[in-house]
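See structure below.
Order of appearance sets the numbers: ligands from 1, and atoms from 1 within every ligand. In what follows, every heavy atom counts, from backbone to side chain, and hydrogens, waters and symmetry copies are set aside.
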Amino acid sequence: MESSKSRVKDPLVNDGIFFGGDYNPEQWDRETWLEDVELMARARVNLVSVGIFSWSRLEPEEGRFDFAWLDEVLQLLYDRGVYVDLATATASPPAWLIKKDPTVLPVDHEGRRLSFGARQSYCPNSQSFRSAASSLVERLVDRYSDFPGLKMWHVSNEYGCHVSRCYCENCEAKFRSWLLKRYGSIDLLNHAWGSAFWSQLYGNFDEVNPPRIAPTFANPTQQLDYYRFASDSIRELYEMESEIIRRRSSKPITTNYMGFFKGVDQFAWRGVGDFVSFDSYPDPHAGEVHVDCAAGYDLTRSVAEGEPWILMEQAPSAVNWRGINGVKKPGQMRALSMSAVARGANGVMFFQWRAAKAGAEKFHSAMLPHTGPDSRIYREVTQLGEDLTKLSSVVRAKVNAEVAIVFDWNNWWAIELDSHPTDHVLYLLAIRKFYGSLQRLGVTCDFVSPSDDLSSYKAIVAPNLYLCSHDFAERIARYVEGGGSVLGTYFSGIVDENDHIVLGGYPGYLRDVFGVVVEEFSPLRPGESFEFTFANNPVVRRGTIWSEIVRATTASVLAKAVQLGDVESIPGDPTSGVLFENQFGNGRALYLSTEVEDDFLDLVVQRLLGEGGDGVTNENVEVVQRGEFTFVINHGGHVEFSLNRRCRDLLSGMELAEGVSLKPYDVLVLEDV
Ligand code: GLA
Ligand code: ZN
């Protein structure tokens with residue numbers, strides 16, 4: 001019998017994988033709509049997201065609504081078997097609302113009010129925006145909740161994408177009430193903010209402002225709280241719209257997240273909406289596009305607590321918003337889409353259906369390019385649509401990862417604040433490095449937040465955990481004591497949740513579990529490095545970015561510095577340890593005190609995994625287990641490998657055993673026979 005953990009909950013279990021994209025009929029005439037639905041049907045599109053940027057069409061002036069065109073479009077779609085992910089259309093307010101109340105426009109941290117004429121031109125705390133958005137959503141839900149083609153609700157769009165923090169007067173007032181709620185008294189705020197420093201003590205909440213441009217560094221805790229407040233403010237919008245929908249409709253609700261996006265703490269938004277969706281825009285010119293994609297997919301599954309999610313947007317080929325917009329190679333879009341399915345997606349969607357003729361996104365690729373259906377991209381889209389129909393049995397299966405990376409938005413905000421030892425410690429780079437190493441070792445991982453249960457994981461990796469509350473440190477300690485393995489790195493355990501240093505030696509509350517004390521650290525300049533050796537191996541390794549003087553208290557030293565690159569600038573101790581291992585209760589804690597090269601990182605991660613690490617597999621061949629299905633995706637050149645069992649490939653229908661050869665971007669979805 002299968003455990004409930006390996007089976008999915010509703011609401012995403014339909015009769016297959018959703019396939020389609022954003023559809024913007026308001027930019028086209030009726031004749032084009034007719035062609036659209038034909039070509040969608042041909043490509044086996046079964047879901048489109050409609051109305052995301054339609055507010056000015058749906059409500060051309062305040063209180064005057066025009067739904068006739070949308071009625072017609074939705075019916076045309078439904079008649080061809082295309083369901084709708086109906087947007088609440090609140091992603092971009094119309095010009096009349098701005099005219100009526102210019103304070104709807106957001107203000108940047110230098111006090112400049114941003115103008116209308118792009119999109120997302122609203123302050124999340126504007127009451128005018130909130131009431132206008134609410135009344136639009138009420139009307140939409142009233143009109144369409146019984147429409148038989150309605151599959152789900154798409155609230156707003158990429159919350160925070162362009163404006164994740166507004167610094168206007170509305171926000172100032174809201175920030176004060178948020179602080180009052182958090183601290184209860186001004187004394188507690190003063191304590192948390194360390195405002196005895198630089199004469200910042202406040203007498204009451206009315207004196208407190210957002211961290212706008214100031215003569216020099218703003219109070220770090222004020223900045224950290226502003227990140228928290230801003231993420232909470234936008235979450236309120238999502239809650240507001242969801243509540244309106246929930247009162248009138250039973251269809252599932254989602255909003256499309258942006259993965260590793262700094263402005264929105266997705267873990268703190270859990271519980272709003274019914275399922276999670278994600279927009280994936282890796283740079284095709286980047287080195288390991290598939291690893292970047294996979295990281296976003298795994299984060300999304302983790303935010304979804306293991307439940308299926310929808311890849312709501314990706315580009316069929318190029319985007320329009322980078323300096324140089326690389327195209328996806330033939331077959332690459334399909335391979336990256338299959339990777340999403342492998343990692344838990346029950347929908348593969350695009351931005352957008354038909355390439356725009358006008359506007360800022362006219363050079364963004366689309367499922368149906370400017371050229372029309374006689375094009376590489378439309379043919380690839382059609383092929384993918386057909387392939388996805390063969391994977392309907394996958395939708396009920398879940399991915400179970402045994403390893404997790406700690407990912408904490410609070411830490412991200414705090415570690416990258418100003419006035420730190422260096423501005424070269426970048427959280428996402430660290431996360432990406434460890435993620436890359438796990439991929440090279442063929443290990444699928446989850447991401448966990450500090451409030452998640454760690455007990456089901458064999459090992460966890462917590463790079464650069466600068467901000468670590470006493471509570472989280474305790475939970476890490478209990479986890480290791482109980483037999484878990486943890487890997488931490490330099491500049492960890494430095495501060496608590498208020499960004500106050502934990503005194504007595506770093507890594508603060510994590511000293512015991514790692515069995516080390518860091519007395520002093522020293523950042524390195526670009527190009528600077530120091531050398532160390534691992535175990536009794538004479539091979540010299542390099543540390544960059546950071547060095548520190550670490551003493552083992554109970555840990556054993558596995559790697560040691562041998563010589564410092566530039567003695568004058570590094571107050572490091574040549575005999576200091578670099579990699580430590582501490583037996584703690586029934587588990588182990590590894591501590592790495594510098595930034596290392598990938599091959600050494602892989603050794604460290606393998607050591608963490610113990611028996612589990614099989615060594616580096618082919619890093620371009622992605623192998624992921626989703627329930628009983630094994631996805632094999634080739635992101636590199638021609639490759640041969642052998643299967644140790646008899647399988648059937650769901651895509652080709654062929655039975656395979658032993659020798660298998662894959663061309664670039666080939667995909668297999670294997671099931672045992
Ligand atoms: C985001 C938005 C879309 C579109 C794409 C372009 O994902 O949600 O509306 O602008 O970017 O890449
Ligand atoms: Zn504001």
Between [X] and [Y] (judged by ring centroids, cut-off 6.0 Å), do the two rings come close enough to count as a pair?
X	Y	answer
W412	F407	yes
Y159	W269	yes
F447	F267	no

To 10°, measure the SG(C171)-the Zn ion (ligand 2)-SG(C168) angle for me. 120°

What do you get for the angle at the Zn ion (ligand 2) between SG on C166 and SG on C123, to the nearest 10 degrees? 120°

Could you identify the single nearest non-hydrogen protein atom to [atom] and state the distance to 0.1 Å?
atom	answer
atom 5 (C) of ligand 1	Y281 OH, 3.5 Å
atom 4 (C) of ligand 1	E361 OE2, 3.2 Å
atom 3 (C) of ligand 1	E313 OE1, 3.3 Å
atom 6 (C) of ligand 1	H364 NE2, 3.1 Å

With a 4.5 Å heavy-atom cut-off, do Y227 and R165 have their side chains touching? yes

Going by heavy atoms in the side chains, are E288 and Q439 under 4.5 Å from each other? no

F229 vs F175 aromatic rings, parallel, tilted or perpendicular, using cut-offs 30° and 60°? tilted

When you look for heavy atoms under 4.0 Å from ligand 1, do you find them on the side chain of R119, its backbone, both, or neither? side chain

Show the atoms of ligand 1 that are less than 4.0 angstrom away from any heavy atom in [X].
X	value
F351	3 (C), 4 (C), 5 (C), 6 (C), 9 (O)
D279	7 (O), 8 (O)
F53	9 (O)

Can you see whether Y183 engages D225 through a side-chain donor-acceptor pair at a distance of less than 3.5 angstrom? yes

Sub-3.5 Å N/O-N/O distance, N157 and ligand 1: yes

Between D22 and ligand 1, is there a nitrogen or oxygen pair with a distance under 3.5 Å? no

Hey, is the main chain of W28 close enough, under 3.5 Å, to the side chain of T32 for a donor-acceptor pair? no

